[in-house]
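Residue indices begin at 1 and follow the sequence shown.
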Amino acid sequence: MLLTELLAIPGLGLEPVVPGKTGGRQVRGVYTTDLPDPGRYLDGGELVLTSTTWYQEPRDADTFVAALAGSDAAALVAGAAVIGELPPSLARACELHGLPLFTVGDNVSYATLTQTVLAALAGPGGRSPGAGLHRALVASMASGAGPEGLVEVLARATGLSCAILSATGRPTAGGVPGVPDHHLARAHRDTLAAGAFPSVQPLPGGGHLSFFPVQSPVAHRPPVGYLAASGDHRDWAPGIADAAAEACALLAMDQLGRQERRRIEERFLRESVDLLRDGRIEVAEGRLRSLGLDPDAQLTSVYVATTGPRYGAELAAVILDDVRDQIPGCSVPVADEDGHLMVVPTADDISARLEEAAGQLAPFLTHGWAAIGVSGSATGTAGLRRSLDEARHAHRIARLGTGTVRTAAAEDLSSHLLLLASVPDDVRRLYRERLIGVLERYDSEHHSDLVGTLIAFLDSSGSWLRCAEQLHVHVNTLRYRLQRVEQLTGHSLATLRDRVDFCLALSIR
């Protein structure tokens, strides 16, 4: 249907703010959102409805409108009942991107507008695809039934078996009969690796799962969850895939409301951490108690930093959020220096939980890593101050490790790695290059193994005989190799000081 034809419907109630070029624009659907960047959920041709609660500052309008224009949305309908008035920057952004902008009177609800548009798209005598389901989904969320209620409504209306998954693939509501949790987790990982939505994943015993994302209310972060539904969405009846996407949009709007409360908690925790660092213990204790944290309980601090081309440092907050959802009594994650920290009730498996969450998000860490630092258990506000420092230092040690997920704990703080972690990256690289780089180049050019021989010698505590036996070479061969190491590096393996230098250099990856 052309946008001009849609606007001609009596009683639609749309008032133009930025008319734009409406001629020739096709309307293929309707989508309601209050996400700050909904572009990835649009297929093109949607009439987008928003209450503009995402708006905080003028640049938010350009981000939002650019996402719609980039996804070829047909037009935008914006309401201002929540924020008071329509931001002028929204109209300017729509003019800049050539997107028609309309408002709708307060006497016309978005549910009614959606039903009218869908009925028009269905044509004369047609049945509005999903209009009744739309009302049922909205009513379910409005009643406070939460994700469980939403899944129940969707399953009852469409016949789909659905499960809501966390960002790391943990089932949090609903379920798909015959599909165990570990198969859901595997399909979820394959979905993240595929990187496109909706995603269809095969099941080991036959059949498929379709995955739809629940967008995060925080920019630059991956989805906060996923809807997994039985079957291939490409084979579903018309309107069912749209209903699944709408359920995800409602879940995302629910997350948006939670994010407002979370911002307050983040601010209080950040202030508490700053007060602890400044030594203002009594004031910090009051702030912590207002957040529901009891400084007299056994608490552990965790610090996570992530790198990678897709979500970078923001993925650390997602990892911590997943653990927070599993362990009652955790603080909110808060950004700190180059990572995110969180305070949790002491538990033996906290490191394992963090590693599991990071491992499930490994497709987002391609060419990057997650470094996890875990403090020892602490009691009292002064102890919590110490544990925050421990977690931060442990994270620095973890960064020196290898692999996608790297973890260090309080017991690692007595290692020489703590000293290395305190040295700037460029200095560490220069130090390693001076001692080990020359050996690596020699090995590459001469097809030798001087680096491996050096490692074996140091691991043997300098025992010539034990090292030779381990390498299955004659002692004289071993002596020749190590003499070559000394010649190339200018260091002597006969002195403890130079052996320590080699050990430190080999610890740098």
Side-chain angles (χ1 to χ4, degrees), residues 218 221 259 261-307 312-321 323-324 327 329-347 350-351 354 358 370-401 406-425 427-428:
V218 181
R221 289 185 187 172
Q259 180 62 20
R261 297 190 294 273
R262 176 178 169 140
R263 284 198 184 103
I264 299 174
E265 294 182 35
E266 286 179 355
R267 178 169 60 82
F268 269 74
L269 181 59
R270 188 175 294 109
E271 291 173 355
S272 301
V273 171
D274 291 340
L275 290 168
L276 285 172
R277 289 172 178 167
D278 294 340
R280 300 171 63 184
I281 303 298
E282 292 184 1
V283 181
E285 182 174 347
R287 293 289 177 90
L288 291 168
R289 292 189 185 279
S290 70
L291 289 171
L293 293 171
D294 181 6
D296 296 326
Q298 294 284 331
L299 296 174
T300 298
S301 299
V302 295
Y303 196 107
V304 179
T306 53
T307 65
E314 288 299 317
L315 198 60
V318 180
I319 294 169
L320 290 173
D321 268 332
V323 173
R324 180 173 180 251
I327 302 177
C330 295
S331 74
V332 294
V334 62
D336 184 81
E337 296 181 1
D338 60 346
H340 287 73
L341 63 83
M342 186 170 73
V343 179
V344 305
T346 298
I350 183 63
S351 293
L354 289 165
I372 301 169
V374 182
S375 78
S377 180
T379 303
T381 312
L384 180 58
R385 178 186 181 185
R386 183 181 65 254
S387 81
L388 290 169
D389 290 336
E390 286 182 357
R392 192 175 299 105
H393 292 316
H395 139 262
R396 289 172 180 159
I397 292 176
R399 289 169 65 107
L400 298 178
R406 313 166 183 181
T407 305
E411 52 266 27
D412 297 310
L413 297 180
S414 59
S415 166
H416 65 276
L417 293 176
L418 178 59
L419 299 179
L420 286 177
S422 304
V423 177
D425 291 345
V427 176
R428 286 201 306 270

J.: Indicate the atoms forming the closest heavy-atom contact of G279 with R385, along with that distance.
T.: CA-NH1, 3.8 Å

J.: Do the side chains of L320 and L354 get nearer than 4.5 Å, heavy atoms only?
T.: yes

J.: Any idea which heavy atoms bring A408 and A394 closest together, and the distance?
T.: CB-O, 3.2 Å

J.: Who passes salt bridge (Lys or Arg N to Asp or Glu O under 4.0 Å) against R406, sequence neighbours left out?
T.: none

J.: Return the set of residues passing side chain to side chain donor-acceptor pair (under 3.5 Å) with Q259 (not counting sequence neighbours), or none when no residue passes.
T.: none

J.: Could you tell me which non-hydrogen atom of I319 sits nearest to which non-hydrogen atom of A358, and how far apart they are?
T.: CD1-CB, 3.7 Å

J.: Closest heavy-atom contact between D294 and L299?
T.: O-CD1, 3.6 Å

J.: Looking at CG of L291 and CZ of R267, how far apart are the two atoms once the value is rounded to the nearest 0.5 Å?
T.: 10.0 Å

J.: Between atom OH of Y303 and atom NE2 of H393, what is the distance when rounded to the nearest 0.5 Å?
T.: 11.0 Å

J.: Considering residues at least two apart in sequence or located in another chain, which fulfil the ring pair (Phe, Tyr, Trp, His ring centres under 6.0 Å) criterion with H340?
T.: none

J.: Go through the structure and list residues passing side chain to side chain donor-acceptor pair (under 3.5 Å) with D296, not counting sequence neighbours.
T.: R289

J.: For A371, check side chain to side chain contact (heavy atoms under 4.5 Å, CB included) against everything at least two apart and list the hits.
T.: W369, H395, A398, R399

J.: Looking at every heavy atom in both L276 and L288, which two are closest together, and how far apart are they?
T.: CD1-CD1, 4.4 Å

J.: Spell out, as yes or no, whether a donor-acceptor pair under 3.5 Å connects the side chain of E390 to the backbone of G376.
T.: yes

J.: Could you work out, with side chain to side chain contact (heavy atoms under 4.5 Å, CB included) as the rule, every residue matching D278, not counting sequence neighbours?
T.: R280

J.: Got a sec, which residues hit side chain to side chain contact (heavy atoms under 4.5 Å, CB included) with R287, two or more places apart in sequence or on another chain?
T.: F268, E271, S272, L275

J.: Test of understanding: with side chain to side chain donor-acceptor pair (under 3.5 Å), list the residues that count as partners of T300, not counting sequence neighbours.
T.: T346

J.: Would you say T381's side chain and P295's backbone share a donor-acceptor pair under 3.5 angstrom?
T.: no

J.: If only atom types and distance count, is the side chain of T306 paired as donor or acceptor with the main-chain N or O of A316 below 3.5 Å?
T.: yes

J.: Please identify which of these residues, V344, V343, I350, meets the side chain to side chain contact (heavy atoms under 4.5 Å, CB included) condition with C330.
T.: V344

J.: Run the side chain to side chain donor-acceptor pair (under 3.5 Å) test against R262 and tell me which residues pass, sequence neighbours left out.
T.: E266, D321

J.: Excluding sequence neighbours, so at least two apart, what forms salt bridge (Lys or Arg N to Asp or Glu O under 4.0 Å) with D274?
T.: none

J.: So which heavy atom on S387 is nearest to which on S301, and how close?
T.: OG-OG, 2.7 Å

J.: I'd like to check the side chain to side chain contact (heavy atoms under 4.5 Å, CB included) partners of A409; sequence neighbours left out, ordered by chain and number.
T.: E411, D412

